[in-house]
Amino acid sequence: DVDHSLRLHHTRKDKTAYYLDRILAKRWRVFLALGIWGVLQVCTAGSIYALIARSSTDPSEREPEFTSQAWVEGVWDAWTFMADPGTHATVPPTAPQRIVSSAITMMGILFFASVLGLTVDMIREKMDSLRQGKSRIIETDHTLILGWTEKTVHIIEEICKANESEGG
């Protein structure tokens, strides 16, 4: 007989936070999540920008339908705004397009700062691991001396003399 009265009921917020913690615990999952987030961000922002650009053009110059080419151009513009913040300087002088392009640029800055931060964290973690000697060593024909004393230099000299016959 199991008493289920002590079972905890977790809110959706608790479950979401727990799931996010599990994703962030593995490095490859973080990169995958960031990649998916970046693609969604570019596609969504590109769609919004394409719609804003379409609505900002003169109706007589506008295509009769929203085409896939217009969407592709919007996504490309969103990518360039995210990857190079200076490119939104060429946006036509309409307030909606400038506002949306500036928002996309800010999202891009935050996105790439996250990618850079994760990359720096991974490199720092690897460097710490190397400093602590946790990496695997695959070498042969080496002599390993553990510990350092005032006699270590003399021991190394003796080992060198002993290995001279083998080219060491």
Side-chain angles (χ1 to χ4, degrees), residues 2-139 142 148:
V2 177
D3 184 13
H4 293 287
S5 64
L6 297 176
R7 182 181 289 173
L8 297 175
H9 294 284
H10 300 286
T11 65
R12 185 175 299 223
K13 181 180 176 183
D14 292 338
K15 290 178 183 177
T16 303
Y18 175 72
Y19 184 68
L20 185 62
D21 286 346
R22 288 186 52 203
I23 289 173
L24 296 178
K26 299 283 184 185
R27 206 57 84 182
W28 68 269
R29 290 180 183 168
V30 174
F31 269 115
L32 181 64
L34 265 176
I36 291 169
W37 178 252
V39 169
L40 288 174
Q41 189 172 329
V42 168
C43 290
T44 303
S47 300
I48 292 169
Y49 184 75
L51 289 171
I52 294 293
R54 176 177 161 68
S55 67
S56 297
T57 58
D58 185 22
S60 63
E61 298 173 12
R62 191 181 306 163
E63 293 284 330
E65 294 180 6
F66 185 74
T67 63
S68 61
Q69 181 62 27
W71 181 80
V72 169
E73 287 299 318
V75 169
W76 177 252
D77 286 341
W79 169 250
T80 59
F81 296 155
M82 284 179 63
D84 181 11
T87 57
H88 77 276
T90 61
V91 172
T94 64
Q97 282 181 288
R98 285 185 173 176
I99 291 169
V100 171
S101 65
S102 296
I104 294 170
T105 298
M106 294 305 293
M107 290 186 320
I109 290 169
L110 293 173
F111 174 74
F112 283 109
S114 300
V115 171
L116 182 63
L118 181 63
T119 304
V120 167
D121 188 42
M122 286 178 61
I123 291 170
R124 184 176 293 135
E125 194 174 285
K126 183 63 177 175
M127 294 303 289
D128 288 343
S129 173
L130 290 172
R131 273 190 213 103
Q132 293 173 2
K134 293 182 179 179
S135 61
R136 189 170 176 206
I137 298 172
I138 304 174
E139 295 290 338
H142 283 70
W148 188 270

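Put simply, OH on Tyr49 and CD1 on Ile99 are 12.5 Å apart, with the number rounded to the nearest 0.5 Å. Within the model, atoms CG of Leu51 and OG of Ser47 stand 7.0 Å from one another, a figure rounded to the nearest 0.5 Å. To the nearest 0.5 Å, the span separating CD1 on Ile52 from CZ on Arg98 amounts to 14.5 Å. Between Ser101 atom OG and Met106 atom CE the span is 12.0 Å, to the nearest 0.5 Å.
The side-chain heavy atoms of Cys43 and Val39, taken from C-beta on, include a pair separated by under 4.5 Å.
Here the closest heavy-atom approach between residue Ala45 and residue Met107 is recorded as CB-CE, 3.8 Å. Shortest non-hydrogen contact noted between Gly74 and Ala50 is CA-CB, 4.0 Å. For the residue pair Ala78 and Ile104, the shortest heavy atom distance occurs at O-CG2, 3.5 Å.
Atom CZ of Phe112 has more than 12 heavy atoms from other residues, nucleotides or ligands within 6.0 Å.
In this view, Asp121 and Arg27 satisfy the salt bridge (charged side-chain N to carboxylate O under 4.0 Å, His left out) rule, not counting sequence neighbours. Remark: Leu110 engages no residue in a side-chain contact (heavy atoms from CB on, under 4.5 Å) (not counting sequence neighbours).
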Starting from the C-alpha separation in whole Å, work towards a yes-or-no answer on side chain to side chain donor-acceptor pair (under 3.5 Å) for Asp77 and Thr80. CA-CA 5 Å; Asp77 286 341; Thr80 59; 4.5 Å; no

